[in-house]
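Worksheet: the structure to be examined is printed underneath.
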Amino acid sequence: MDTSNLKDCLDSLFERFMAESSIFINKDVLSHDFIPEVLPHREKEIFRLASILAPSLKGEKCSNLFIYGKTGTGKTAVSKYVLARLEKKSLKLQGRVKVCYVNCRLAGTEYRVTASLCSALSLQIPFTGLSTAEVLNRLFKRLSQLGVYLVVVLDEVDELVKGYGDRLLYELTRSNSLLSKGKISLVGISNDLYFKELLDPRVLSSLSEEEIVFKPYTASQIKDILLQRAKMAFKPGSLPLSTLNLCAALAASEHGDARRALDLLRVAGEIAEREGATKVEERHVHEAQRKIEHDRTVEVLASLPLHSKILLAVLYFNGKPKLKGLTTGELYEGYVSLCRKAQVEPLTHRRVSGLLSELDMLGVVEARLVSLGRYGRTKKIQLKIPKKTLEKAFLEDVYFASLTENGELA
DNA sequence: CGTCCACAGGAATGACGGGCGG
DNA sequence: CCGCCCGTCATTCCTGTGGACG
C-alpha cells in the first residue's frame, strides 16, 4: 500500500469512527461496570443488604455477611449500589461510615487488598516495602484514630482465600474486639459455593452471621434488565423487540447470566454498526454469540504452554481427518517429530498425558478412553474447536507464525 | 479363560523461580 | 537483604485395567 492510499484509508476510518453511530446512543450502559439507577428484580436483595448494613449509620455493630450466587446474578451490582447509597446517606447525616469495595481477584494479593482498605481511609501505603502485618497495623491505627465505621465488600473473596488462605479475613473479623473506637464490617462475595469449606470455622461463623443467596435470573427478568438498558443504549427503533428477546432467551438458557445477556446485546450492536445496518437483527445476535465464544477460545489458546500448542498443532495437521481422532501413541509420535522440527526438547509420555487431560478439561480437545482389547487401552483424541479458531490463535503466536511461514509444519 | 497390549494415571522426587518473613 | 519455603513444571517409576486374541 503506498502512502497516499494509506492516508485515504485512515482518513475514511477516522471519519467513520467520528461519524454518529447508526445504532448506539450510549454504549457504555451495556458495560459490566455500569450501575443503573434501578436494579430490576433485585429489590429484595437490596433491601436485605441495606437493612443489615444500616445500623452502621448509628455506629452500631452490624453483622458480617456472605453473599453467594453464580456469575451474572447481580451480586456485584447490588453491593456497589448499596455501598454508594450508604456512603451518600452517611455524608448527609454527617455519619462516620466509610465504605470500600475491593475485587480480590483484581487486587491479587493480601497486601494490595489491605492497601485498598487503607486508601478508603485516605491512608497512603507504598506499593511495596512493608509487610502485610504492618499495613494492617496502620489500617487499625487509622481506623481508631478516625473512629469511623468501615464497611468492606470483598468481591471474589474466594480467589483471595484460595491463594493466600483466610488469615486476612481472620485478622479483619477479629479486629473489632481489639479496637476501642472504629469498627469493620465485612461483606464477602463468592460464586463458589464450596468456598466455605476452605475457611477456618471461626472465620466462617463470624463472616456468615448473615447470608444472602442470589438466584439466577429467569428469561423474563433478563428481558426486563435488557429493556431498561436498551432504552439508554440504543437509538429508538434500532433494536427490535424480537432481537432483545433472543438475547434474553440465550442468556437465560445459560444459567440466567445477565452479564452474558448484556455482552450479547452490546456485541450484536457492534456487529450491526460495523455492517452499517440501521437495525440490530437476530442474525447479529447469533453472530455475536459465535464471536464471544471465538474470542474466549482464542484467549485460552494463546495462554497455553508451548507444548500444549505443539500437541494441538499435531491434531491440526492430522492427515487422516476421517478417522475418529488419534490414539495417544500416534499423537505422541507426531508430537515428538514436530518437536524435532521445531528444535524443542520433547517432554515425556507421562507429561504429555497430563497436558492432554488439561486440554480435555478446557474443552479444546475430546479424549475418549477406549479399549482395543488385545491391542491395548488408549484414548482417541479429537480436536473440539473450529480449525479457523486455532489458526487465528496460532498466527498471533510469534513462534508458531514463524514456523508456518517456513512451511515446516504443513 | 487367561494373557497381554498400550496405555491411564497415582506417588515420589527433583529443578527452578518467586515471594515472604525475619 | 538473605535464606527459606512453597508452588509449578517435569521426570521416573509404578500399578491398574478392558477386552480381543489365542
Side-chain angles (χ1 to χ4, degrees), chain A residues 102 104-118 125-141 156-172 174 192 195 197-200 203 300-315 318 320 323-340 342-384 397 399-400:
Chain A
V102 189
C104 300
R105 185 174 51 82
L106 295 181
T109 65
E110 280 183 333
Y111 185 91
R112 287 205 283 266
V113 170
T114 321
S116 309
L117 301 187
C118 290
I125 293 294
F127 295 103
T128 178
L130 304 177
S131 68
T132 310
E134 171 60 20
V135 180
L136 263 178
N137 276 337
R138 293 193 189 186
L139 175 72
F140 292 154
K141 196 172 151 204
E156 305 194 54
V157 65
D158 48 321
E159 295 291 328
L160 183 73
V161 174
K162 277 169 194 162
Y164 296 87
D166 54 10
R167 206 180 34 182
L168 179 60
L169 293 182
Y170 177 70
E171 295 292 338
L172 289 176
R174 206 172 56 110
D192 182 356
F195 152 71
E197 291 169 12
L198 299 175
L199 293 177
D200 184 290
V203 176
V300 169
L301 291 177
S303 65
L304 247 29
L306 173 66
H307 289 274
S308 298
K309 288 181 180 174
I310 297 179
L311 285 171
L312 289 176
V314 175
L315 289 166
N318 174 17
K320 31 179 187 175
L323 248 67
K324 290 184 231 116
L326 296 171
T327 66
T328 308
E330 289 165 335
L331 176 63
Y332 188 68
E333 221 173 283
Y335 161 78
V336 172
S337 77
L338 198 49
C339 281
R340 293 268 151 68
Q343 317 241 342
V344 177
E345 194 63 24
L347 303 175
T348 54
H349 192 278
R350 179 68 187 87
R351 181 62 191 136
V352 165
S353 161
L355 292 177
L356 213 51
S357 316
E358 277 172 32
L359 291 175
D360 193 12
M361 300 261 242
L362 287 171
V364 178
V365 305
E366 183 192 66
R368 282 179 306 117
L369 191 60
V370 293
S371 176
L372 305 175
R374 183 62 253 270
Y375 302 105
R377 247 156 75 90
T378 185
K379 278 179 165 178
K380 286 284 191 184
I381 301 133
Q382 223 176 338
L383 216 49
K384 279 296 265 183
D397 189 304
Y399 190 79
F400 267 85

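Atom set for the values below is all heavy atoms of this structure, side chains included, hydrogens, waters and symmetry mates excluded.
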Side chain to side chain contact (heavy atoms under 4.5 Å, CB included) between Thr327(A) and Lys379(A), intermediate numbers included: CA-CA 5 Å; Thr327(A) 66; Lys379(A) 278 179 165 178; over 6 Å; no
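- Considering CD1 of Ile310(A) and CG of Leu331(A), their distance stands at 11.5 Å, rounded to 0.5 Å.
- Taking CG from Leu326(A) and CG from Leu311(A), the interatomic distance works out to 10.5 Å, rounded to the nearest 0.5 Å.
- The end-to-end axis angle of the helix from dC1(B)-dG22(C) to dG22(B)-dC1(C), rounded to 10 degrees and based on five pairs per end, is 20°.
- Using a distance-only test at 3.5 Å, with no hydrogens or angles considered, a donor-acceptor pair links the side chain of Thr378(A) to the main chain of Thr328(A).
- Rounded to the nearest 0.5 Å, atoms CG (Leu117(A)) and CZ (Arg138(A)) are 15.0 Å apart.
- Contacts with DNA chain C (heavy atom under 4.0 Å) in residues 352-369 of chain A: none are found.
- For residues 342-367 of chain A, the ring pair (Phe, Tyr, Trp, His ring centres under 6.0 Å) pairs, not counting sequence neighbours, are Tyr332(A)-His349(A).
- Remark: side-chain polar atoms of Lys309(A) are not paired, donor with acceptor, to backbone N or O of Ser303(A) under 3.5 angstrom.
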Would you mind writing out the side-chain donor-acceptor pairs for residues 355-372 of chain A within the sub-3.5 Å range, not counting sequence neighbours?
{"from": "Ser357(A)", "atom 1": "OG", "to": "Ser353(A)", "atom 2": "O", "distance (Å)": "2.9"}
{"from": "Ser371(A)", "atom 1": "OG", "to": "Gly373(A)", "atom 2": "N", "distance (Å)": "3.3"}

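- Side-chain contact between Leu136(A) and Leu168(A): present, with at least one pair of heavy atoms (C-beta onward) separated by less than 4.5 Å.
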Which protein N or O atoms sit under 3.5 Å from an N or O of nucleotides 12-15 of chain C?
none

- Task: Might you work through the side chain to side chain contact (heavy atoms under 4.5 Å, CB included) test for Asp158(A) and Glu156(A), ending with a clear yes or no?
- Result: CA-CA 5 Å; Asp158(A) 48 321; Glu156(A) 305 194 54; 4.1 Å; yes
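- Minimum interatomic distance between Tyr335(A) and Leu347(A) (heavy atoms only, all atoms of both residues): OH-N, 2.9 Å.
- In this structure Ser308(A) satisfies the side-chain hydrogen bond (donor to acceptor under 3.5 Å, both in side chains) test with no other residue, sequence neighbours excluded.
- In terms of heavy atoms, Ala313(A) sits closest to Leu338(A) at CB-CD2, 3.8 Å.
- Rounded to the nearest 0.5 Å, atoms NE2 (His307(A)) and CD (Glu345(A)) are 8.5 Å apart.
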Its contact letters, B for base, S for sugar-phosphate only and - for none at protein heavy atoms under 4.0 Å, make nucleotides 17-22 of chain C read BBBBS-
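- Once you apply a 4.0 Å limit to the heavy atoms of chain A, the touched nucleotides of DNA chain B run 5' to 3' over dC4(B) to dG21(B).
- Evaluation of the side-chain hydrogen bond (donor to acceptor under 3.5 Å, both in side chains) rule for Ser116(A) yields no partner, not counting sequence neighbours.
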